[in-house]
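Since the model is a prediction, treat every value here as computed from it, not as a measurement.
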Amino acid sequence: MFTGIVTDLGEVIALRQEGDLRARIATAYPIETVDIGASIACDGVCLTVIDTGTEPRNWFDVQISAESLSKTNIGGGGWHPGKRVNLERALRVGDELGGHIVSGHVDGVAEILSAVPEGDSTRFTFRVPDHLAGFIAPKGSVALNGTSLTVNEVEGATFGVNIIPHTKAVTTWGTARPGDGVNIEIDTLARYVARLRDWAGK
């Protein structure tokens with residue numbers, strides 16, 4: 001479980017196909033505190049640490065299944081050596097819940113349509129797959145590339161958010177551009193409300 005508050009900017013330093021895709025990610029986390037089997041959200045995707053090391057800098061390895069590749073922006077060249085990724089370690093009991101409850105189970109990929117300066121912030125507009133559009137609500141929460149964000153407005157399958165300078169400085173949003181695909185996880189509450197509605201309608 002995560003909160004959508006990014007705590008490190010990692011870098012993909014190696015990719016290897018060995019059944020599943022194996023990725024090595026450089027990190028500023030003290031590597032002695034990263035346990036084998038730990039969960040780390042990488043651009044919003046909950047991945048399991050399978051190895052760690054310190055040369056030439058701190059790194060951890062993860063395996064990425066075909067299911068994760070099909071639902072996220074990792075496949076098709078989305079991840080490559082040098083790619084920066086938002087990292088968040090799993091929530092611990094007693095940690096501050098600064099964003100919203102995020103599972104790290106990505107629902108699909110949204111496309112950035114525009115990025116327009118608005119004061120000191122930047123207003124991003126996204127298009128989501130049609131089957132996810134009904135889960136996005138004004139003033140609701142959404143996780144985009146692992147970042148907890150508040151929805152400003154919704155129109156059909158498009159919606160907007162504002163990203164402040166601090167967020168751009170400490171995450172990958174500082175280099176995000178129109179046309180980029182970003183991992184989207186809908187709000188867990190919206191997911192269960194929709195499921196209950198569908199069940200009640202049977």
Kindly work out whether a path of hydrophobic side-chain contacts (I/L/V/M/F/W/Y, heavy atoms less than 4.5 Å apart) joins Val85 to Val109. no
Contact check, side chains of Ile40 and Val34, non-hydrogen atoms, under 4.5 Å: yes
CZ/Phe124 to CG/Leu113 distance, rounded to the nearest 0.5 angstrom? 11.5 Å
If we ignore hydrogens and angles and just use 3.5 Å, is the side chain of Glu185 paired with the main-chain N or O of Val102 as donor and acceptor? no
Within the supplied structure, the quantity of interest is the number of heavy atoms (other residues, nucleotides, ligands) at a distance under 6.0 Å from His80 NE2; does it exceed 12? yes
If hydrophobic clusters are built from ILVMFWY residues whose side chains come within less than 4.5 Å, do Ile36 and Tyr29 share one? yes
For Ser103 against Cys46, the heavy-atom pair lying closest together: O-CB, 3.9 Å
Verify the cluster assignment for Val49 and Leu91: are they in a single hydrophobic cluster under the rule of side-chain heavy atoms below 4.5 Å apart? no
Can you tell me which residue among Asp8, Thr7, Thr172 is in a side-chain hydrogen bond (donor to acceptor under 3.5 Å, both in side chains) with Asn86? Thr172
Examine distances only and state if a side-chain atom of Glu111 and a backbone atom of Arg127 form a donor-acceptor pair shorter than 3.5 Å. no
Minimal heavy-atom distance between Ala110 and Phe126, with the atoms involved, is CB-CB, 4.4 Å
For Gly82 and Glu11, work out which heavy atoms get closest and say how close. CA-OE2, 3.5 Å
Backbone N or O of Gly10 within a donor-acceptor pair of the Arg84 side chain at under 3.5 Å? yes
Steps toward side-chain contact (heavy atoms from CB on, under 4.5 Å) verdict (Trp79, Ile25): CA-CA 11 Å; Trp79 276 21; Ile25 300 174; 4.1 Å; yes
At what distance, to the nearest 0.5 angstrom, does CD1 of Ile50 lie from CZ of Arg22? 3.5 Å
Would a single hydrophobic cluster contain both Phe2 and Val6, if residues Ile, Leu, Val, Met, Phe, Trp and Tyr are joined by side-chain heavy-atom contacts under 4.5 Å? no
If the test is side-chain hydrogen bond (donor to acceptor under 3.5 Å, both in side chains), which one of Thr122, Thr147, Thr167 qualifies with Trp173? Thr147
Mind checking whether Val161 and Ile136 sit in one hydrophobic cluster, side chains of I, L, V, M, F, W, Y counted as touching below 4.5 Å? yes
Looking at every heavy atom in both Pro165 and Ser121, which two are closest together, and how far apart are they? CD-OG, 4.1 Å
Check the pair Phe159 / Val142 against side-chain contact (heavy atoms from CB on, under 4.5 Å), numbers first and verdict last. CA-CA 11 Å; Phe159 71 95; Val142 66; 4.2 Å; yes
Which value, rounded to the nearest 0.5 Å, describes the distance between Arg89 atom CZ and Thr33 atom OG1? 3.5 Å
Between CD on residue Glu32 and OG1 on residue Thr52, distance to nearest 0.5 Å: 9.5 Å
Contact check, side chains of Asn73 and Asn145, non-hydrogen atoms, under 4.5 Å: yes
Glu155 atom CD: more than 12 heavy-atom contacts under 6.0 Å: no
Under 3.5 Å, side chain of Asp130 to main-chain N/O of Ala157, donor-acceptor pair present? no
Using atom types as modelled and distance alone, determine if a side-chain donor or acceptor of Asp180 lies under 3.5 Å from a backbone N or O of Ile112. no
Is there a donor-acceptor pair under 3.5 Å between the side chain of Glu88 and the backbone N or O of Ala90? no
Do Val170 and Leu9 have side-chain heavy atoms sitting under 4.5 Å apart? no
Are the side chains of Pro138 and Asn152 in contact, using a 4.5 Å heavy-atom criterion? no
Are Ile74 and Leu69 side-chain neighbours, meaning at least one heavy-atom pair lies under 4.5 Å? yes
Atom pair CD1/NZ of Ile184 and Lys71 - distance to nearest 0.5 Å: 14.0 Å
What verdict does the side-chain contact (heavy atoms from CB on, under 4.5 Å) test give for Leu87 and Cys42, after you've listed the backbone C-alpha separation in whole Å, the side-chain angles of each residue and the deciding distance to 0.1 Å? CA-CA 5 Å; Leu87 301 180; Cys42 305; 3.8 Å; yes
Side-chain heavy-atom pair Asp187, His100 within 4.5 angstrom cut-off: yes
Quick one, Gln63 with Thr48, criterion side-chain contact (heavy atoms from CB on, under 4.5 Å). Give me CA distance, side-chain angles, the key distance, then yes/no. CA-CA 7 Å; Gln63 280 180 310; Thr48 300; over 6 Å; no
Point-to-point distance, once rounded to the nearest 0.5 Å, from NE2 of His105 to OG of Ser68: 8.5 Å
Could you check if a side-chain atom of Phe135 sits within less than 4.5 angstrom of a side-chain atom of Asp107, using non-hydrogen atoms only? no
Can you name the nearest heavy-atom pair linking Ala23 to Ile64, along with the distance? CB-CD1, 4.0 Å
